[in-house]
Amino acid sequence: DVKVTQSSRYLVKRTGEKVFLECVQDMDHENMFWYRQDPGLGLRLIYFSYDVKMKEKGDIPEGYSVSREKKERFSLILESASTNQTSMYLCASSLPLGPTEAFFGQGTRLTVV
Amino acid sequence: DQQVKQNSPSLSVQEGRISILNCDYTNSMFDYFLWYKKYPAEGPTFLISISSIKDKNEDGRFTVFLNKSAKHLSLHIVPSQPGDSAVYFCAARGGSNYKLTFGKGTLLTVNP
């Protein structure tokens, strides 16, 4: 059974803290993604990675960075958390190209206070 | 610029009837379309997909239709069940761009 695992289901952090969200996949997928979901806004792409150490900005990268040192692991970093980064964060992975779906983790509900 | 649009934020249907969820797209480079289902506090799960070379794909109670000339796709659920109540996201990808672009989602409520 394919699996994308996010390190936390729920997180509460203080404004200004540096926050790490971790994601691990066991499908040997080249592509990994970080999305955030907000009511009325759908899923918006923050960053994605198509190979180890490779990354590209998505639609809303401001205030975030990412790290991919190993193929199976993709980390999202909030450099200095702010209240407007309170959201549901979703990690996904997929094969590189072609008609293939992305598999999602269970999500991390982050609250910044 | 929203490339994938789901214009209905919500839809309510009676159990046993058909649910039709709609999605429009603007990018003619999209060649693969997917539907995801999402329950609260969980990640989206893949439901069904369709390639641009087809106009219909069926999987059990779920059928996706694609009208390329209109840049429109729809998801039909027949018969609808209360367990189908969830947010449904339409997504698209295409060409050399491997990222998925999502719509804003439609909340489907199936009433017993």
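Quick note on labels: first sequence line is chain A, next is B, and so on, each numbered from 1.
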Trainee: Please check if A:M54 and A:F48 belong to a single hydrophobic cluster, counting links between Ile, Leu, Val, Met, Phe, Trp and Tyr side chain heavy atoms closer than 4.5 Å.
Mentor: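 In one cluster: yes.
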Trainee: What part of A:L43 gets closer than 4.5 Å to chain B, counting heavy atoms only: side chain, backbone, both or neither?
Mentor: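 Both the backbone and the side chain of A:L43 come within 4.5 Å of chain B.
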Trainee: With side chains defined as the heavy atoms from C-beta onward, is the minimum distance between B:F102 and A:L45 less than 4.5 Å?
Mentor: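 Counting from C-beta outward, B:F102 and A:L45 never come under 4.5 Å.
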Trainee: Does NZ belonging to A:K71 count more than 12 external heavy atoms closer than 6.0 Å?
Mentor: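 Check passes, neighbour count above 12.
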Trainee: List the steps and the verdict of salt bridge (Lys or Arg N to Asp or Glu O under 4.0 Å) for A:D59 and B:K99.
Mentor: CA-CA 11 Å; A:D59 301 317; B:K99 70 177 185 179; 3.6 Å; yes
Trainee: What option among B:E42, B:K104, B:Q2 has the most heavy-atom pairs under 4.5 Å with chain A?
Mentor: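 The candidate making the most pairs under 4.5 Å is B:K104.
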Trainee: When hydrophobic residues are tied together by side-chain contacts of less than 4.5 Å, even through go-betweens, does A:I60 share a cluster with A:L21?
Mentor: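 Yes, same cluster.
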Trainee: According to a hydrophobic-cluster definition based on side-chain heavy atoms being under 4.5 Å apart (Ile, Leu, Val, Met, Phe, Trp, Tyr only), do A:L11 and A:W34 belong together?
Mentor: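 Same cluster: A:L11 reaches A:W34 through Ile, Leu, Val, Met, Phe, Trp or Tyr contacts under 4.5 Å.
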Trainee: Against chain A, label B:P9 side chain, backbone, both or neither, depending on which of its atoms sit under 4.5 Å from a heavy atom there.
Mentor: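 Neither part; nothing is under 4.5 Å.
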Trainee: Measuring from atom CD of A:E101 to atom OH of B:Y32, what distance do you get when rounded to the nearest 0.5 angstrom?
Mentor: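 It is 5.5 Å, given to the nearest 0.5 Å.
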Trainee: Please answer: with hydrophobic residues joined when any side-chain heavy atoms are less than 4.5 Å apart, are B:V64 and B:L11 in the same cluster?
Mentor: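 The answer is yes; both residues are in one hydrophobic cluster.
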Trainee: Is the count of non-hydrogen atoms from other residues, nucleotides or ligands lying under 6.0 Å from B:R61 atom CZ greater than 12?
Mentor: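 Yes - once you tally the heavy atoms of other residues, nucleotides and ligands closer than 6.0 Å, there are more than 12.
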Trainee: CG of B:L100 to OH of A:Y35: how many Å apart, nearest 0.5 Å?
Mentor: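 Between B:L100 CG and A:Y35 OH, I get 4.5 Å after rounding to 0.5 Å.
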Trainee: Is a donor on one side and an acceptor on the other found under 3.5 Å between the side chain of B:Y36 and the backbone of A:A102?
Mentor: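 Side chain of B:Y36 to backbone of A:A102: a pair is present.
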Trainee: Indicate, with yes or no, if B:I48 and B:L66 share a hydrophobic cluster defined by side-chain heavy-atom contacts under 4.5 Å among Ile, Leu, Val, Met, Phe, Trp and Tyr.
Mentor: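 Result: yes, single cluster for both.
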Trainee: For A:R44, is it the side chain, the backbone, both or neither that has a heavy atom under 4.5 Å from a heavy atom of chain B?
Mentor: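 For A:R44, there is no contact with chain B at all, as no heavy atom is under 4.5 Å.
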Trainee: Looking only at heavy atoms and a cut-off of under 4.5 Å, which of B:P44, B:G43, B:A41 has the most pairs with chain A?
Mentor: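 Among the listed options, the one with the most contacts to chain A is B:P44.
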Trainee: Which atoms of A:Q37 are under 4.5 Å from chain B, going by heavy atoms: the side chain, the backbone, both sets, or neither?
Mentor: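 Contact with chain B is through the side chain of A:Q37 alone.
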Trainee: Indicate yes or no: at least one non-hydrogen side-chain atom of B:F46 is less than 4.5 angstrom from one of A:F104.
Mentor: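 No - every pair of side-chain heavy atoms lies 4.5 Å or more apart.
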Trainee: Please look at A:T108 and chain B and tell me whether the side chain, the backbone, both or neither of the residue comes under 4.5 angstrom of a heavy atom of that chain.
Mentor: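 Looking at A:T108, nothing touches chain B.
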Trainee: Is it the backbone or the side chain of B:A91 that comes under 4.5 Å from a heavy atom of chain A, or both, or neither?
Mentor: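 For B:A91, no heavy atom lies under 4.5 Å from chain A.
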